[in-house]
Amino acid sequence: MAPYNISFTIIRTLATLKATHEAKMVRIHELIELLKQVKSSSDQLSAENNRLRQLIDGIPPMTDEEKQGAILISSRR
């Protein structure tokens, strides 16, 4: 193989490696952005879950009369 062909092959291989590396870096940055969105959504859901938990904790337990009424209503269906 002539030196010109070897040099051309090396340059072409390096260009291919560079393009592949750049494509992977773009994909990595896209995945990082997606993870940030998932984290943000997770944080929002966690905050909403905590808020709902506080609301539920604020509801007093059912009295015996309320339980009997609920049983009666459900038995009529």
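Position 1 is the first residue of the sequence, and the numbers go up from there.
- Side-chain contact between Val26 and His29: absent, with no pair of heavy atoms (C-beta onward) separated by less than 4.5 Å.
- Heavy-atom neighbours of Glu65 CD from other residues, nucleotides or ligands within 6.0 Å: at or below the threshold of 12.
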Check: Step by step, would you call Asp57 with Gln54 a side chain to side chain contact (heavy atoms under 4.5 Å, CB included)?
Finding: CA-CA 5 Å; Asp57 289 344; Gln54 289 173 350; 5.6 Å; no
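- When every heavy atom of Pro61 is checked against every heavy atom of Glu66, the shortest pair comes out as O-OE1, 4.2 Å.
- Using a 4.5 Å heavy-atom cutoff, the side chains of Lys36 and Ile32 are in contact.
- Between Glu48 and Leu52, some side-chain heavy-atom pair lies under the 4.5 Å cut-off.
- For the pair Ser42 (side chain) and Val38 (backbone), a donor-acceptor distance under 3.5 Å is absent.
- A distance of 4.5 Å separates CZ in Arg27 from CG in Leu31, rounded to the nearest 0.5 Å.
- Remark: Leu55 CG to Arg51 CZ distance equals 5.5 Å, nearest 0.5 Å.
- In this view, Ile11 satisfies the side-chain contact (heavy atoms from CB on, under 4.5 Å) rule with no residue, not counting sequence neighbours.
- Heavy-atom contacts from other residues, nucleotides or ligands closer than 6.0 Å to CG of Asn49 number more than 12.
- With sequence neighbours excluded, no residue forms a side chain to side chain donor-acceptor pair (under 3.5 Å) with Arg53.
- Within the 4.5 Å cutoff, no side-chain heavy atoms of Leu14 are placed close to those of Lys18.
- Atoms OG1 and NZ, from Thr63 and Lys67 in turn, are 8.0 Å apart once rounded to the nearest 0.5 Å.
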